[in-house]
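This is a predicted model, so every value here is computed, not measured. Residues: numbered from 1 along the sequence shown.
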Amino acid sequence: MDGRGREESRHAGQGGTGVATGARPAADTHPPLTADVVTTGQLARRGQALLPRAYRTVASTLQALGVVIGHAFRERDTVQYPDEMVYLPPRYRGRIVLSRDPDGNERCVACYLCAVACPVDCIALQATQDETGRRYPAWFRINFSRCIFCGFCEDACPTYAIQLTPDVEMCEYERPNMVYEKEDLLIAGPGKYHDYDFYRVAGLAVGGKDKGEAEREAPPVDLRDLLP
């Protein structure tokens, strides 16, 4: 008995159903699907004809080419930098500086609020104190290769010490040169806030000013006077 006869007899011995238990279904007999056949079938199922879609594709391509050709005959927007400076909006945020108060002292009190508010963690500093009780940063460092000039540090500063300027010319050939130390950031003037002095309005006792001597500050209260 050949192989076909043995297979038929085995199927007949299992109840005459002609299908073996656990047998895989018969393989598909249609030819393999190509990309064209699949795409055509999908469009047909969606109820969309090929011709309108092809027309829209060609029309959109021609429209894009028309826009490109139209810009070829317009006035150029190129700015001949550095001979011609680019336009900067009045509230543009650029290079960061550390300012001084009207007396020439450092405004920064090393409160770390700028470093905490910085979303990219590019500000680092170390606080110290002089003999008169004034706090100031022993060192102050900003990595401008990571700075996104968001202005959060300026908003968080309680003394107006850290300020953003319209300076945009900060390019360097080497990345370490983008790290600015305190000596690179500290300027000689007060910046945008000419008359503000933190220690003049704060209720802190420092050299030359005791508690209760700040502007619009009430004299301190002796708690022993409040006892019955």
Side-chain angles (χ1 to χ4, degrees), residues 78-217:
T78 304
V79 177
Q80 300 300 326
Y81 181 85
D83 298 332
E84 180 183 355
M85 284 296 298
V86 297
Y87 168 76
L88 294 178
R91 295 178 62 86
Y92 178 84
R93 297 187 296 261
R95 187 171 72 92
I96 299 174
V97 297
L98 292 176
S99 61
R100 300 177 181 268
D101 59 24
D103 297 331
N105 300 315
E106 296 183 35
R107 275 180 171 160
C108 182
V109 294
C111 62
Y112 295 98
L113 288 179
C114 56
V116 173
C118 181
V120 295
D121 196 22
C122 68
I123 300 178
L125 66 152
Q126 178 63 49
T128 186
Q129 189 173 342
D130 62 10
E131 62 279 0
T132 63
R134 294 176 63 102
R135 286 171 55 96
Y136 67 96
W139 52 269
F140 196 106
R141 183 177 300 122
I142 297 181
N143 187 353
F144 279 111
S145 64
R146 300 174 59 184
C147 180
I148 59 176
F149 303 99
C150 61
F152 286 179
C153 55
E154 183 177 10
D155 294 337
C157 183
T159 64
Y160 298 140
I162 187 168
Q163 301 177 19
L164 277 76
T165 66
D167 186 11
V168 298
E169 297 175 331
M170 301 178 58
C171 297
E172 295 287 349
Y173 288 102
E174 298 181 3
R175 183 171 295 179
N177 294 335
M178 296 296 293
V179 179
Y180 281 45
E181 299 292 342
K182 176 181 173 180
E183 296 76 14
D184 306 318
L185 300 168
L186 193 60
I187 63 176
K192 294 179 285 188
Y193 307 96
H194 304 284
D195 301 327
Y196 182 78
D197 188 347
F198 172 75
Y199 283 105
R200 187 186 302 165
V201 298
L204 297 174
V206 295
K209 183 181 77 69
D210 201 354
K211 286 185 175 293
E213 297 181 358
E215 297 179 1
R216 297 185 297 275
E217 182 186 9

Counting N and O atoms only, with roles assigned by atom type, does the side chain of Asp103 sit under 3.5 Å from a partner on the main chain of Asn105, one being a donor and the other an acceptor? no
Hits for side chain to side chain contact (heavy atoms under 4.5 Å, CB included) against Ala205, two or more places apart or cross-chain, chain-then-number order -> Asp210, Lys211
Crowded around Tyr87 OH? As in, over 12 foreign heavy atoms under 6.0 Å? yes
Minimum heavy-atom separation for Ile162 and Cys153, please, with both atom names. CG2-O, 3.4 Å
Who passes side chain to side chain contact (heavy atoms under 4.5 Å, CB included) against Glu215, sequence neighbours left out? Arg200, Val201
Give the table of side-chain donor-acceptor pairs shorter than 3.5 Å for residues 178-185, with sequence neighbours excluded, one pair per line with atom names and distance.
unit_1, atom_1, unit_2, atom_2, d
Glu181, OE1, Arg141, NE, 3.4
Glu181, OE2, Arg141, NE, 2.8
Lys182, NZ, Glu106, OE1, 3.1
Lys182, NZ, Glu106, OE2, 2.9
Lys182, NZ, Pro137, O, 2.8
Asp184, OD2, Glu181, N, 3.1

Which atom of Glu217 lies closest to which atom of Gly203, heavy atoms considered: OE2-CA, 3.4 Å
Would you please test Cys108 and Tyr136 for side-chain contact (heavy atoms from CB on, under 4.5 Å) and show each step? CA-CA 6 Å; Cys108 182; Tyr136 67 96; over 6 Å; no
Pairs satisfying salt bridge (Lys or Arg N to Asp or Glu O under 4.0 Å), at least one member in residues 143-164, at least two apart: Glu154-Lys192
Write out all pairs satisfying salt bridge (Lys or Arg N to Asp or Glu O under 4.0 Å) with one or both partners inside residues 115-130, taking only residues at least two apart or from two chains. none
Identify the heavy atoms of Ser99 and Gly191 that sit nearest to each other, and give their distance. CB-N, 4.3 Å
Closest contact, heavy atoms only, Ile148 versus Pro119: CD1-CG, 3.9 Å
Sequence neighbours excluded, which residues qualify as side-chain hydrogen bond (donor to acceptor under 3.5 Å, both in side chains) partners of Ser145? Asn143
Val168 versus Leu88: any side-chain heavy-atom pair under 4.5 Å? yes
Should Phe144 and Cys122 count as side-chain neighbours, where that means a heavy-atom distance under 4.5 Å? no
For Tyr112, give me all partners under ring pair (Phe, Tyr, Trp, His ring centres under 6.0 Å), at least two apart in sequence or on another chain. none
Can you list the residues that meet the side-chain hydrogen bond (donor to acceptor under 3.5 Å, both in side chains) rule with Lys209, with sequence neighbours excluded? none
Restricting to non-hydrogen atoms, name the atom on Leu125 and the atom on Ala110 that form the minimum distance, rounded to 0.1 Å. CD1-CA, 3.7 Å
side-chain hydrogen bond (donor to acceptor under 3.5 Å, both in side chains) against Tyr81, all qualifying residues, sequence neighbours excluded: Glu169
Output a table of donor-acceptor pairs, distance under 3.5 Å, between side-chain atoms of residues 90-97 and any protein atom two or more places apart or on a different chain; print 'none' if there are none.
unit_1, atom_1, unit_2, atom_2, d
Arg93, NE, Phe149, O, 3.0
Arg93, NE, Cys150, O, 3.3
Arg95, NE, Asp167, OD2, 3.0

Is it the case that the side chain of Arg107 and the backbone of Pro190 share a donor-acceptor pair, with hydrogens and angles ignored and the cut-off at 3.5 Å? yes
The criterion is side chain to side chain contact (heavy atoms under 4.5 Å, CB included); which residues satisfy it with Cys111, sequence neighbours excluded? Val109, Leu113, Pro158
Passes side-chain contact (heavy atoms from CB on, under 4.5 Å), Arg100 versus Ile187? Steps please. CA-CA 7 Å; Arg100 300 177 181 268; Ile187 63 176; 5.7 Å; no
All heavy atoms of Val206 vs all of Gly133, minimum pair found to be CG1-O, 4.0 Å
Once ring-ring contact (aromatic ring centres under 6.0 Å, His included) is applied, what residue pairs with a partner in residues 189-210 remain, sequence neighbours excluded? Tyr160-Tyr193, Tyr160-Tyr196
